[in-house]
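Inspection log for the structure reproduced underneath, given as structure tokens.
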Amino acid sequence: MSGRVAIIASNGGLFDAYKVFNIATAAASMDQEVAIFFTFEGLNLIHKEANKQLPMPVGKEHFAEGFAKANVPPIPEMVAMAIELGVKLIGCQMTMDVMGLEKEVFVDGIEVGGAVTFLEFAKDADVTLTF
């Protein structure tokens, strides 16, 4: 079952990161072609420092213990897994310009592109998701 999965990541919390990378790695492991477009707070998910300390939703702090017990990998490991599986990570050029962020502050292996870069991929997607 090969196809394309296009994901937009525009939120920067811990739960958002797990949703994005769980779906992306699952799809990639099923031989799907996957691209994630990171914009606004979603850029935190691929930021070298920020992705180590993503915020837990307020009132959900008790989940930290559950993540540990379930041996859920930390987000930087999920990012590495996605890259290893061939997931295309695209940082939004416009958002990076607005926030004054350079490509160097992000994990190695990302592309930088605008909405058109993502849309070129997404136009043939079988599944499109936004988180």
Side-chain angles (χ1 to χ4, degrees):
M1 171 176 138
S2 74
R4 281 188 165 192
V5 177
I7 301 170
I8 297 173
S10 61
N11 293 299
L14 187 64
F15 284 12
D16 303 301
Y18 279 118
K19 292 175 205 169
V20 167
F21 289 110
N22 198 21
I23 301 251
T25 55
S29 69
M30 295 170 60
D31 293 326
Q32 302 287 306
E33 198 181 344
V34 184
I36 310 170
F37 185 68
F38 298 89
T39 186
F40 294 98
E41 286 84 11
L43 284 170
N44 286 336
L45 310 188
I46 53 170
H47 189 281
K48 284 178 186 167
E49 295 306 314
N51 78 2
K52 295 176 187 164
Q53 52 203 9
L54 297 171
M56 182 77 74
V58 176
K60 305 290 185 190
E61 295 81 6
H62 60 283
F63 279 108
E65 195 178 320
F67 279 115
K69 277 185 181 166
N71 292 319
V72 176
I75 295 305
E77 265 182 52
M78 298 283 291
V79 174
M81 214 182 306
I83 291 169
E84 202 174 290
L85 287 166
V87 174
K88 183 188 289 201
L89 309 178
I90 306 166
C92 176
Q93 180 73 65
M94 181 199 74
T95 307
M96 288 169 61
D97 290 348
V98 167
M99 295 180 166
L101 298 169
E102 298 294 325
K103 186 177 181 184
E104 292 68 38
V105 301
F106 298 101
V107 297
D108 294 336
I110 72 156
E111 290 178 35
V112 175
V116 171
T117 306
F118 177 72
L119 291 170
E120 283 295 319
F121 178 90
K123 70 179 170 47
D124 296 320
D126 301 292
V127 177
T128 306
L129 304 164
T130 303
F131 296 104

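For reference, positions follow the sequence shown, starting with 1. Excluded from the calculations below are hydrogen atoms, water molecules and symmetry mates; all remaining heavy atoms, backbone and side chain alike, are included.
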If you round to the nearest 0.5 Å, how far is [atom2] of [Y] from [atom1] of [X]?
{"X": "L119", "Y": "T128", "atom1": "CG", "atom2": "OG1", "value": "9.5 Å"}
{"X": "H47", "Y": "I75", "atom1": "NE2", "atom2": "CD1", "value": "15.5 Å"}
{"X": "N44", "Y": "E49", "atom1": "CG", "atom2": "CD", "value": "11.5 Å"}
{"X": "T39", "Y": "M96", "atom1": "OG1", "atom2": "CE", "value": "11.0 Å"}
{"X": "L85", "Y": "Q32", "atom1": "CG", "atom2": "CD", "value": "12.5 Å"}
{"X": "E111", "Y": "L89", "atom1": "CD", "atom2": "CG", "value": "8.5 Å"}

Could you report the tightest heavy-atom contact between [X] and [Y], atom names first, then the distance?
{"X": "P55", "Y": "G12", "answer": "CD-O, 3.7 Å"}
{"X": "I83", "Y": "D108", "answer": "CD1-O, 3.5 Å"}
{"X": "M78", "Y": "P73", "answer": "SD-CG, 3.6 Å"}
{"X": "A35", "Y": "F118", "answer": "O-CE1, 4.1 Å"}
{"X": "F38", "Y": "L43", "answer": "O-CD2, 3.5 Å"}
{"X": "P76", "Y": "K52", "answer": "CG-CG, 3.8 Å"}

Could you tell me if the side chain of [Y] sits less than 4.5 Å from the side chain of [X], heavy atoms only?
{"X": "F131", "Y": "I23", "result": "yes"}
{"X": "N51", "Y": "V107", "result": "yes"}
{"X": "V87", "Y": "I7", "result": "no"}
{"X": "L45", "Y": "V79", "result": "no"}

Cluster link [X] to [Y], ILVMFWY, side chain under 4.5 Å:
{"X": "I8", "Y": "V5", "answer": "no"}
{"X": "M56", "Y": "Y18", "answer": "yes"}
{"X": "F21", "Y": "M81", "answer": "yes"}
{"X": "L54", "Y": "V105", "answer": "yes"}

When you measure from the side chain of D126 to the backbone N and O of R4, does any donor-acceptor pair fall under 3.5 Å?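 It does hold such a pair.
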What do you reckon, is CD of E84 surrounded by more than 12 foreign heavy atoms closer than 6.0 Å?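 Counting neighbours around CD of E84, 12 or fewer heavy atoms of other residues, nucleotides or ligands fall under 6.0 Å, so no.
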Does E104 have any salt bridge (charged side-chain N to carboxylate O under 4.0 Å, His left out) partners at least two apart in sequence or in another chain, and if so, which?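 Salt bridge (charged side-chain N to carboxylate O under 4.0 Å, His left out) list for E104, sorted by chain: empty.
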In this structure, is the centre-to-centre distance between the rings of F121 and F37 below 6.0 Å? no
Are F63 and F15 an aromatic pair, judged by ring center distance below 6.0 Å?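 Close enough - the centres of the two rings lie under 6.0 Å apart.
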Which residue pairs pass the salt bridge (Lys or Arg N to Asp or Glu O under 4.0 Å) test with at least one member in residues 55-83, sequence neighbours excluded? E65-K69
